[in-house]
Amino acid sequence: MNTLSKAPTITRSGDASLENARTKFQCRDVKVHYGDFEALHGINIDIPDRGVTAFIGPSGCGKSTFLRTFNRMNDTITGARVSGEILMDGQDIYAPSLDPVLLRARVGMVFQKPNPFPKSIYDNIAYGPKIHGMTNSKAELDELVEKSLRRAGLWDEVKDRLKLSGTGLSGGQQQRLVIARAIAVSPEVILMDEPASALDPIATAKLEALIEELKQNYCIVIVTHSMAQAARISDKTAFFHLGDLIEYDTTETIFTKPSDSRTEDYISGRTG
Ligand SMILES: Nc1ncnc2c1ncn2[C@@H]1O[C@H](COP(=O)(O)OP(=O)(O)OP(=O)(O)O)[C@@H](O)[C@H]1O
């Protein structure tokens with residue numbers, strides 16, 4: 001059964017220990033055009049499940065463009081065109097029969113600027129589960145809201161003000177609220193596009209601790225401009241340059257013995 005195009009039931013499956021080495025996404029010759037401009041020139045990469053993969057590279061090299069291909073967010077950009085093949089758990093996520101709304105529940109996204117809905121903290125989390133018909137009663141919904149906020153490390157800070165607006169939280173809290181909102185619909189993947197760039201060092205540390213914990217259960221792909229952050233939190237790192245994937249390896253290898261001089265120049269701060 002093609003779970004992406006059929007029932008809205010969103011389930012996780014598999015044994016965590018077995019899935020450590022599993023591939024979540026297989027990308028073959030992925031190109032993205034904006035009109036006539038080719039932003040990505042044919043990317044081949046396998047993204048592992050249950051771990052953090054970092055995309056690094058100079059501004060404009062295509063990191064965000066590539067990240068958006070994993071939940072078809074490029075579909076929403078006028079003139080953007082994706083070609084090649086992206087398989088998620090072996091299923092073509094660009095198949096015409098696929099429902100992008102269901103895909104985006106399975107592949108959540110967190111942006112640079114925290115973007116809570118202008119609704120209460122509670123409603124920010126409850127919104128997705130309601131749309132997807134995931135709960136049968138108010139009590140179940142309450143439980144899911146609490147569980148999601150707990151998993152995002154935010155429950156203790158907000159449990160007494162669930163009815164207040166999500167936009168009234170601090171930047172770091174808003175970012176964790178957005179992560180809780182993504183978690184609420186039981187995603188398998190969380191894409192993060194420079195999620196800490198608007199946060200102070202303390203909020204960044206909390207976010208990184210959260211990512212460290214979430215990676216036990218989710219495939220996380222993060223775009224970051226911070227080499228230190230990539231080195232701290234990711235298991236694998238992909239270095240992009242001018243629309244090409246130059247090098248992809250364990251984070252340790254990329255940061256200690258990169259094989260391409262362009263990678264070395266970038267991570268050592270000589271370019272970028
Ligand atoms: N909506 C768009 N329309 C046209 N061109 C775009 C669009 N979005 C991105 N581009 C171009 O595609 C290329 C890749 O951009 P992208 O934002 O993916 O790079 P990036 O590596 O994420 O950059 P940054 O680190 O600055 O966020 C750039 O040349 C950019 O100008």
Novice: Any chance CD of Glu140 has more than 12 other-residue heavy atoms, nucleotides or ligands included, within less than 6.0 Å?
Specialist: yes
Novice: Thinking salt bridges, do Arg262 and Asp244 make one under a 4.0 Å N-O criterion?
Specialist: no
Novice: Is the backbone N or O of Thr69 less than 3.5 Å from a side-chain atom of Tyr94, with the two atoms forming a donor-acceptor pair by type?
Specialist: yes
Novice: Between the side chains of Thr167 and Ser165, is a donor N or O closer than 3.5 angstrom to an acceptor N or O?
Specialist: yes
Novice: How long is the straight-line distance from OG of Ser170 back to CG of Leu199, given to the nearest 0.5 Å?
Specialist: 8.5 Å
Novice: Just so I know, are the side chains of His132 and Leu102 near enough to count as touching, which here means a heavy-atom distance under 4.5 Å?
Specialist: yes
Novice: Does the plane of the ring in Phe240 sit parallel, tilted or perpendicular to the ring in Phe55? Use 30° and 60° as the thresholds.
Specialist: perpendicular
Novice: Check the surroundings of atom CD in Glu85: do more than 12 heavy atoms from other residues, nucleotides or ligands lie under 6.0 Å from it?
Specialist: yes
Novice: Taking atom CD1 of Ile222 and atom CD of Gln229, what is their separation to the nearest 0.5 Å?
Specialist: 4.5 Å
Novice: Determine whether Phe25 and Ile45 make a side-chain contact, defined as any pair of heavy atoms from C-beta on separated by less than 4.5 Å.
Specialist: no
Novice: May I ask you to decide if Ala231's main-chain N or O and Ser234's side chain share a donor-acceptor pair within less than 3.5 Å?
Specialist: no
Novice: Are Asp89 and Lys24 ion-paired here, with the side-chain N under 4.0 Å from a carboxylate O?
Specialist: yes
Novice: Nearest 0.5 Å, please: how far is CD in Gln173 from CD1 in Ile121?
Specialist: 8.0 Å
Novice: Check whether the side chains of Asn74 and Arg68 place a donor and an acceptor atom closer than 3.5 Å, and report yes or no.
Specialist: yes
Novice: Under the 3.5 angstrom rule, does the side chain of Arg151 hit a backbone N or O of Leu214 as a donor-acceptor pair?
Specialist: no
Novice: Testing Ile47, Ile43, Thr263 for side chain to side chain contact (heavy atoms under 4.5 Å, CB included) with Tyr248, which one passes?
Specialist: Ile47
Novice: Rounded to the nearest 0.5 Å, what separates atom CG in Leu162 from atom CD1 in Ile125?
Specialist: 9.0 Å
Novice: Would you check if Leu149 and Glu157 make a side-chain contact, meaning some heavy-atom pair closer than 4.5 Å?
Specialist: no
Novice: For a 4.5 angstrom cut-off between non-hydrogen side-chain atoms, does Leu177 reach Arg181?
Specialist: no
Novice: A side-chain contact here means heavy atoms from C-beta on lying under 4.5 Å apart; do Glu143 and Thr135 qualify?
Specialist: no
Novice: Do Asp46 side-chain atoms and Gln26 backbone N/O form a donor-acceptor pair below 3.5 Å?
Specialist: no
Novice: Going through the checks in order, is the side chain to side chain contact (heavy atoms under 4.5 Å, CB included) test met by Glu247 and Tyr266?
Specialist: CA-CA 12 Å; Glu247 200 170 341; Tyr266 182 71; over 6 Å; no
Novice: If you count heavy atoms of other groups shown closer than 6.0 angstrom to OH of Tyr127, is the number above 12?
Specialist: no
Novice: Quick check: does any side chain N or O of His41 sit under 3.5 Å from a backbone N or O of Leu242, one acting as donor and the other as acceptor?
Specialist: yes
Novice: Quick check: do Asn71 and Val189 have side-chain heavy atoms less than 4.5 Å from each other?
Specialist: no
Novice: How many angstroms lie between OG1 in Thr78 and OH in Tyr34, if you round to the nearest 0.5 Å?
Specialist: 11.5 Å
Novice: Do Leu144 and Trp155 belong to the same hydrophobic cluster, where Ile, Leu, Val, Met, Phe, Trp and Tyr are linked whenever their side-chain heavy atoms lie under 4.5 Å apart, directly or via other members?
Specialist: no
Novice: Is there a path of hydrophobic side-chain contacts, each under 4.5 Å between heavy atoms of I, L, V, M, F, W or Y residues, that connects Met109 with Phe117?
Specialist: no
Novice: Do Asn44 side-chain atoms and Asp29 backbone N/O form a donor-acceptor pair below 3.5 Å?
Specialist: yes
Novice: May I ask you to decide if Glu194's main-chain N or O and Thr224's side chain share a donor-acceptor pair within less than 3.5 Å?
Specialist: no
Novice: Do the side chain of Lys63 and the main chain of Gly57 share a donor and acceptor less than 3.5 angstrom apart?
Specialist: yes
Novice: Between Tyr122 and Ile183, is there shared hydrophobic-cluster membership here, with clusters defined by ILVMFWY side-chain heavy atoms closer than 4.5 Å?
Specialist: no
Novice: Are Asn115 and Val178 close enough that some pair of their side-chain heavy atoms sits under 4.5 Å apart?
Specialist: yes
Novice: Please tell me whether Val82 and Leu87 are part of a single hydrophobic cluster in this structure, the criterion being side-chain heavy atoms less than 4.5 Å apart.
Specialist: no
Novice: Quick one: does any side-chain atom of Gln175 pair with a main-chain N or O of Phe111 as donor and acceptor, under 3.5 Å?
Specialist: yes
Novice: Is there a path of hydrophobic side-chain contacts, each under 4.5 Å between heavy atoms, that joins Met192 and Leu154?
Specialist: no
Novice: What distance do Lys215 atom NZ and Arg50 atom CZ have between them, rounded to the nearest 0.5 Å?
Specialist: 13.0 Å
Novice: So does Lys113 have more than 12 non-hydrogen atoms from other groups sitting under 6.0 Å from NZ?
Specialist: no
